[in-house]
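Down below is the structure, laid out as structure tokens.
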Amino acid sequence: MEAIVRARAAQQWPARIAAVISNKPDAKGLEFAKAHGIPTAVVDHKAFASREAFDAALQQAIDGYQPDLVVLAGFMRILTCGFVAHYAGRMLNIHPSLLPLFPGLHTHRQALAAGVAEHGATVHFVTAELDHGPGVLQARIPVLPGDTEDSLAERLLAEEHVIYPQAVRLFVEDRLSIVDGEVRIAETTSF
Ligand code: NHR
């Protein structure tokens, strides 16, 4: 989230960061957002009896800011079908694996256990099926001898901070479309 906020400012995207919203009242990103003059909100999932009730409250909070795009950044609650449908084609996530490899949790552990030579991260549109939406951009890193979950996570995070802002920028520039369930990236037109 911080990388996206910083890239927007540094590259002067024609976009606003409408709000930073967390389900965790103590999320560090909320302090960062406040310090940067970005509106914040908390929708604590623990206050709701069901996923549907939480998602309805979250949707109401988001839509109050009228964003064009919803960006999941470290968001860890599985979203219901209705919520996902409401933001179809306008919600992105970054998942720390080279999807379709290793959906779900503990991806660095999964990569090490599988013995892959290469690991990575994938920015994808969010669909109802977890970590299965159309991919926008991927970053790749080699798995090195002696790598641990922590060392992989740290090296990959640096790459995630590059491709996630790039993907959001492509959306802001209106260059992303989904055709037959696959993302197409339009070239920039030069005159
Ligand atoms: N929701 C849908 N419908 N589809 C996706 O692709 C989603 C999603 C919600 C979150 C992020 C994803 C990731 O990047 C994401 C993608 C959390 C879980 C999970 O198991 C899985 C995938 C992702 C995020 N969450 C547990 C749950 O019961 C809670 C785990 C925890 O709190 O630590 O919601 O990896």
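Values below: all heavy atoms of this structure, side chains included; hydrogens, waters and symmetry mates excluded. Read the numbers this way: they start at 1 and go in the same order the structure lists the ligands and their atoms. The chain is numbered in sequence order, starting from 1.
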Next item on the list: Kindly indicate, with the supporting measurements, whether the criterion side-chain contact (heavy atoms from CB on, under 4.5 Å) is fulfilled by R184 and I178.
Entry: CA-CA 6 Å; R184 297 221 184 140; I178 303 172; over 6 Å; no
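At the top of the distance list for atom 30 (C) of ligand 1, counting protein heavy atoms only, stands M76 O, 3.7 Å. Here the heavy atom of the protein found nearest to atom 13 (C) of ligand 1 is H95 ND1, 3.4 Å. With hydrogens left out, the protein atom closest to atom 10 (C) of ligand 1 is R77 O, 3.7 Å, a heavy atom. The protein atom (non-hydrogen) at minimum distance from atom 14 (O) of ligand 1 is N93 ND2, 2.9 Å. Closest to atom 2 (C) of ligand 1, if we only count protein heavy atoms, is T127 O, 3.5 Å.
Considering each of F102, F83, F75, F125, the one bringing a non-hydrogen atom nearest atom 24 (C) of ligand 1 is F75. Ranked by closest heavy atom to atom 28 (O) of ligand 1, the top entry among H124, R51, H132, E129 is R51. With L130, T80, D55 as candidates, the residue nearest to atom 21 (C) of ligand 1 on a non-hydrogen basis is L130.
Using a distance-only test at 3.5 Å, with no hydrogens or angles considered, no donor-acceptor pair links the side chain of H86 to the main chain of G82. Judged by distance alone, with hydrogens and angles left aside, the side-chain atoms of E149 form no donor-acceptor pair with the main-chain N or O of L112 at under 3.5 Å. Using modelled atom types, no side-chain atom of R77 and backbone atom of N23 make a donor-acceptor pair closer than 3.5 Å.
Aromatic ring orientation, H124 versus H95: perpendicular (interplanar angle above 60°, classes split at 30° and 60°).
Looking at ligand 1, you won't find any N or O of L72 less than 3.5 Å from one of its N or O atoms. Of the polar atoms of A128, at least one N or O is found under 3.5 Å from an N or O of ligand 1, judged by distance alone. Considering backbone and side-chain N/O of I78, one or more are found under 3.5 Å from N/O of ligand 1. Ligand 1 has no nitrogen or oxygen under 3.5 angstrom from a nitrogen or oxygen of V126.
Heavy atoms of T107 come nearer than 4.0 angstrom to ligand 1 in no pair at all.
When each atom of ligand 1 is checked for a heavy atom of I94 under 4.0 Å away, the hits are 14 (O). The contact set between ligand 1 and D131, taken as ligand atoms under 4.0 Å from a residue heavy atom, comprises 5 (C), 6 (O), 12 (C), 13 (C), 14 (O), 16 (C), 22 (C), 35 (O).
Between R6 and E2 there is a salt bridge, with a side-chain nitrogen of the basic residue lying less than 4.0 Å from a carboxylate oxygen of the acidic one. The pair K28-E31 does not count as a salt bridge, with every side-chain nitrogen at least 4.0 angstrom from each carboxylate oxygen.
With I21 as the partner, the side chain to side chain contact (heavy atoms under 4.5 Å, CB included) test is satisfied by one option alone out of L58, L30, T40: L58.
With sequence neighbours excluded, the residues forming a side chain to side chain contact (heavy atoms under 4.5 Å, CB included) with E52 are S50, T80, listed by chain and number.
Contacts between L79 and ligand 1 below 4.0 angstrom, taking non-hydrogen atoms only, involve backbone and side chain alike. Only side-chain heavy atoms of V84 come within less than 4.0 Å of ligand 1; its backbone N, CA, C and O stay farther off.
Other residues sharing a hydrophobic cluster with M76 under the 4.5 Å side-chain heavy-atom criterion for ILVMFWY residues are L105.
For Q66, the CD atom counts as loosely surrounded, since its 6.0 Å shell holds 12 or fewer non-hydrogen atoms of other residues, nucleotides or ligands.
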